[in-house]
Amino acid sequence: MILNIFKGMAFTLRGFNIIRQPGVRRFIVIPLAINIILFSIGIYFLVTLFEQLMAYLMPDFPQWLSWLETFIESLLWPMFAVMIFFVVFYTFSFVANLIAAPFNSLLAEKVETQLRGEPLHNTSLLPPWKTITKSLESELGKLLYLVKWSVLILIISFIPVVNVVAPALWLIFGAWMLALEYLDYPMGNHGHHFSEINQQAVSDKTLSLGLGSGVFILTSI
């Protein structure tokens, strides 16, 4: 079980060797640019709004109590940093992947073509608009799955005693969703729907969780 988790995490690192290959490198530009732009804009506005909220809520301290103002801010900023982490991770990541879904599918196709040495005949017959439509449908399926389990974990978070496991559940769920996200692109290119992708991930839970954990760590950084 533990070895499978580390094996899944190792797949994430192997991806760095693949994306440096000449035939693949150019296909990461658009997904990477979308993520950088959305994350930068989102964090900028969150920080700006928080500073405005702090200025509105914080009373005017006299000069001799400036230490208290600094102390309060030093307590609130770490809390805000944690909030940013979860908001960015669960919201911006999904939005970025939703927008970049067609490009990620194309990237997955080119990577597989590079590894196999032959094109994916089942996808080459599909018109571009149908490939994009399938990608968006898959993303919406993941959204419903995300909402369903997020609500359940959120309810657990408010139940006394039981809620001590909520942080661990959020981390595990985040890793699991990332595993489904990145399994979807290559499997989707072979005509698999989200339900089939989920079944495949469940069939080897520890390996899938290891893959998602590797992506989780890299995304956190």
Side-chain angles (χ1 to χ4, degrees), residues 1-12 35 38-39 41-43 45-47 49-50 53-54 57 72-101 104 135-185 187-188 192-221:
M1 176 179 175
I2 299 297
L3 289 177
N4 252 11
I5 291 178
F6 283 109
K7 184 178 178 182
M9 294 176 71
F11 288 145
T12 310
N35 276 273
L38 286 179
F39 274 63
I41 292 174
I43 293 175
F45 278 108
L46 280 174
V47 171
L49 288 174
F50 180 73
L53 182 63
M54 289 277 289
L57 295 177
I72 293 175
E73 289 181 351
S74 66
L75 289 178
L76 293 178
W77 270 107
M79 293 172 58
F80 180 65
V82 173
M83 185 184 72
I84 276 188
F85 174 78
F86 283 105
V87 170
V88 166
F89 206 85
Y90 289 102
T91 304
F92 294 161
S93 292
F94 176 78
V95 173
N97 283 319
L98 180 63
I99 296 173
N104 287 332
S135 297
L136 294 177
E137 286 176 353
S138 184
E139 290 300 318
L140 291 175
K142 286 197 289 287
L143 174 61
L144 295 176
Y145 185 90
L146 171 68
V147 170
K148 178 181 71 175
W149 287 102
S150 294
V151 169
L152 178 60
I153 299 176
L154 189 62
I155 292 172
I156 293 175
S157 301
F158 287 97
I159 300 176
V161 181
V162 181
N163 60 3
V164 296
V165 301
L169 290 177
W170 281 116
L171 292 174
I172 294 171
F173 180 62
W176 183 257
M177 284 304 303
L178 285 171
L180 294 179
E181 183 72 39
Y182 289 98
L183 283 173
D184 177 35
Y185 300 124
M187 292 183 67
H192 295 287
H193 298 289
F194 177 69
S195 58
E196 298 171 303
I197 295 166
N198 188 34
Q199 289 174 5
Q200 176 64 36
V202 171
S203 68
D204 202 333
K205 293 186 285 291
T206 52
L207 191 64
S208 301
L209 194 59
L211 171 65
S213 299
V215 179
F216 187 101
I217 293 169
L218 293 176
T219 306
S220 303
I221 296 171

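Along the sequence shown, the residues carry numbers beginning at 1.
- Taking Val161 as the reference, nothing meets the side chain to side chain contact (heavy atoms under 4.5 Å, CB included) condition, with sequence neighbours excluded.
- Atom CD of Glu181 sits about 10.0 Å away from atom CG of Leu146, to the nearest 0.5 Å.
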Listed pairs under 3.5 Å, donor-acceptor, residues 195-205 side chains, sequence neighbours left out:
from   : atom 1 : to     : atom 2 : distance (Å)
Glu196 : OE1    : His193 : N      : 2.7
Ser203 : OG     : Gln200 : O      : 2.5
Asp204 : OD1    : Asn4   : ND2    : 3.2

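- In plain terms, the two heavy atoms of Ala179 and Ser208 that are nearest each other are CB-O, 3.2 Å.
- Taking the side chain to side chain contact (heavy atoms under 4.5 Å, CB included) definition, one finds that Phe11 meets it with Lys7, Arg14, Leu207, Leu211, sequence neighbours left out.
- Contact between Gly174 and Phe216 at its shortest, heavy atoms only, is C-CD1, 3.9 Å.
- Taking each heavy atom of Ser213 and Met9 in turn, the nearest pair found is CB-CG, 4.3 Å.
- In this structure Val164 satisfies the side chain to side chain contact (heavy atoms under 4.5 Å, CB included) test with no other residue, sequence neighbours excluded.
- The number of heavy-atom neighbours closer than 6.0 Å to CG of Leu144, taken from other residues, nucleotides and ligands shown, is above 12.
- For Ile153, the side chain to side chain contact (heavy atoms under 4.5 Å, CB included) partners two or more places apart in sequence, or in a different chain, are Ser157, Leu169, Trp170, Phe173.
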Discussion item. Using the rule given for side-chain contact (heavy atoms from CB on, under 4.5 Å), can you reason through Trp149 versus Leu152, listing the C-alpha separation, both sets of side-chain angles and the distance that settles it, and then say yes or no?
Written reply: CA-CA 5 Å; Trp149 287 102; Leu152 178 60; 3.4 Å; yes

